[in-house]
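For ligands, and for the atoms within them, numbers begin at 1 and follow the listed sequence.
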Amino acid sequence: MKKAFIFLGPPGCGKGTQTELLAKELKLPHIDTGSLLRKNIKEGTEIGLVAKGYIDKGQLVPLDVVSTVIKNRLKENDCNGGYILDGFPRSLQQAQSLDNILDELNKGISKEDIEAIYFDIPNEVLIERLVNRRSCPKCGKIYNLKTSAPKTEGKCDDCNTDLIQRKDDTKETAVLRFETYEKETKPLLEFYTKRGNLKKINANQSIDNVWKDLLKVIEIKETV
Ligand code: AMP
């Protein structure tokens with residue numbers, strides 16, 4: 001069955017790591033708006049120029065910009081059988097925009113096929129996670145200096161590329177990103193609960209245990 005998986009949770013809740021794994025497991029494209037926007041910034045596109053100011057301030061990039069990025073990506077053929085959205089939607093307006101995009105694209109995936117998964121975790125543990133996060137700019141693998149450090153300091157285990165720290169993973173910007181999450185994204189929990197397609201998992205566990213819970217939640221949904 002074709003599915004549009006979406007993931008909700010505060011910054012640093014671990015959805016990037018888990019959605020990567022899930023994309024491999026289900027052989028579906030992993031579409032991460034944060035990475036798509038950062039790619040645009042790196043390439044100096046018009047979208048990147050607009051996005052940069054918002055990302056640096058921990059704010060949401062305007063609706064029309066992210067909606068265009070998502071719509072263009074979902075048009076591609078590898079999205080015909082379903083996809084994993086990581087970081088979109090992030091506000092009620094974006095959730096509405098996603099419904100509209102699904103209608104417009106008419107690829108046999110409708111709003112009823114959205115499966116929303118919420119990563120539940122207390123805010124207190126997250127700042128610590130964010131400031132210790134490093135990632136590989138080449139393959140996207142995510143590390144945590146305290147809990148899942150690379151084998152060689154500063155190098156990706158898989159491709160030996162120099163790891164980077166995201167500019168918005170400083171304490172100051174992280175605090176702003178939490179405020180944005182509380183104000184803009186949290187209302188989506190009620191939105192998808194009312195629609196009957198929200199599942200919650202405890203994200204305050206090891207990567208392995210979150211992964212097990214994620215698979216359980218998805219299996220439960222599929223066997224119902
Ligand atoms: P992330 O990599 O998901 O933590 O996103 C990094 C930043 O990119 C966010 O703090 C926002 O500024 C921007 N961003 C990512 N996804 C979205 C979205 N769906 N809507 C608006 N801004 C976004």
Requested in this report: Could you check if a side-chain atom of Leu198 sits within less than 4.5 angstrom of a side-chain atom of Phe191, using non-hydrogen atoms only?
Outcome: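 Counting from C-beta outward, Leu198 and Phe191 never come under 4.5 Å.
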Query raised in the report: Nearest heavy atom to atom 19 (N) of ligand 1: which of Ser135, Ser67, Ala174, Gly87 does it belong to?
Result: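 Heavy atom nearest to atom 19 (N) of ligand 1 belongs to Gly87.
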Query raised in the report: atom 7 (C) of ligand 1: which of Thr33, Val65, Asp56, Ile55 has the nearest heavy atom?
Result: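 Result: the heavy atom closest to atom 7 (C) of ligand 1 is in Ile55.
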Taking atom [atom1] of [X] as the centre, does the number of heavy atoms from other residues, nucleotides or ligands within less than 6.0 Å exceed 12?
X      : atom1 : answer
Gln205 : CD    : yes
Lys200 : NZ    : no
Glu153 : CD    : no

**Report entry** Atoms of ligand 1 close to Leu60 [distance to a heavy atom under 4.0 angstrom, numbered from 1]
**Finding:**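 Result: 21 (C), 22 (N).
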**Report entry** Numbering as shown, the atoms of ligand 1 that approach Arg38 to under 4.0 Å (heavy-atom distance)
**Finding:**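 Those qualifying, in numeric order: 2 (O), 6 (C).
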Query raised in the report: Is the shortest side-chain N to carboxylate O distance from Lys15 to Asp32 below 4.0 Å?
Result: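 Salt bridge between Lys15 and Asp32, a charged N being under 4.0 Å from a carboxylate O: no.
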Among protein heavy atoms, which sits nearest to [atom], and what does the distance come to when rounded to 0.1 Å?
atom                    : value
atom 23 (C) of ligand 1 : Leu37 CD1, 3.9 Å
atom 5 (O) of ligand 1  : Arg90 NH2, 3.5 Å
atom 20 (N) of ligand 1 : Gln94 NE2, 2.8 Å
atom 4 (O) of ligand 1  : Arg166 NH2, 2.9 Å
atom 22 (N) of ligand 1 : Val61 N, 3.0 Å

Between [X] and ligand 1, which part of the residue brings a heavy atom under 4.0 Å of the ligand: side chain, backbone, both or neither?
X      : value
Asp86  : neither
Val66  : side chain
Gln59  : backbone
Thr180 : neither

Requested in this report: Using distance alone, determine whether Ser35 and ligand 1 share an N or O pair under 3.5 Å.
Outcome: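 In this structure, Ser35 places no N or O atom under 3.5 Å from an N or O of ligand 1.
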Requested in this report: Examine Asp168 against ligand 1 and note whether any of their N/O atoms are separated by less than 3.5 Å.
Outcome: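 No; the residue has no nitrogen or oxygen that sits under 3.5 Å from a nitrogen or oxygen of the ligand.
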Query - Shared hydrophobic cluster, Ile41 / Tyr54 (ILVMFWY, side-chain heavy atoms < 4.5 Å) - result: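 In one cluster with Ile41: Tyr54, yes.
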Side chains of [X] and [Y]: donor-acceptor distance under 3.5 Å anywhere?
X      : Y      : answer
Asp86  : Thr19  : yes
Glu182 : Asn123 : yes
Glu112 : Ser110 : yes

Query raised in the report: Do Phe119 and Phe7 have their ring centres less than 6.0 Å from each other?
Result: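 Ring centres of Phe7 and Phe119 closer than 6.0 Å.
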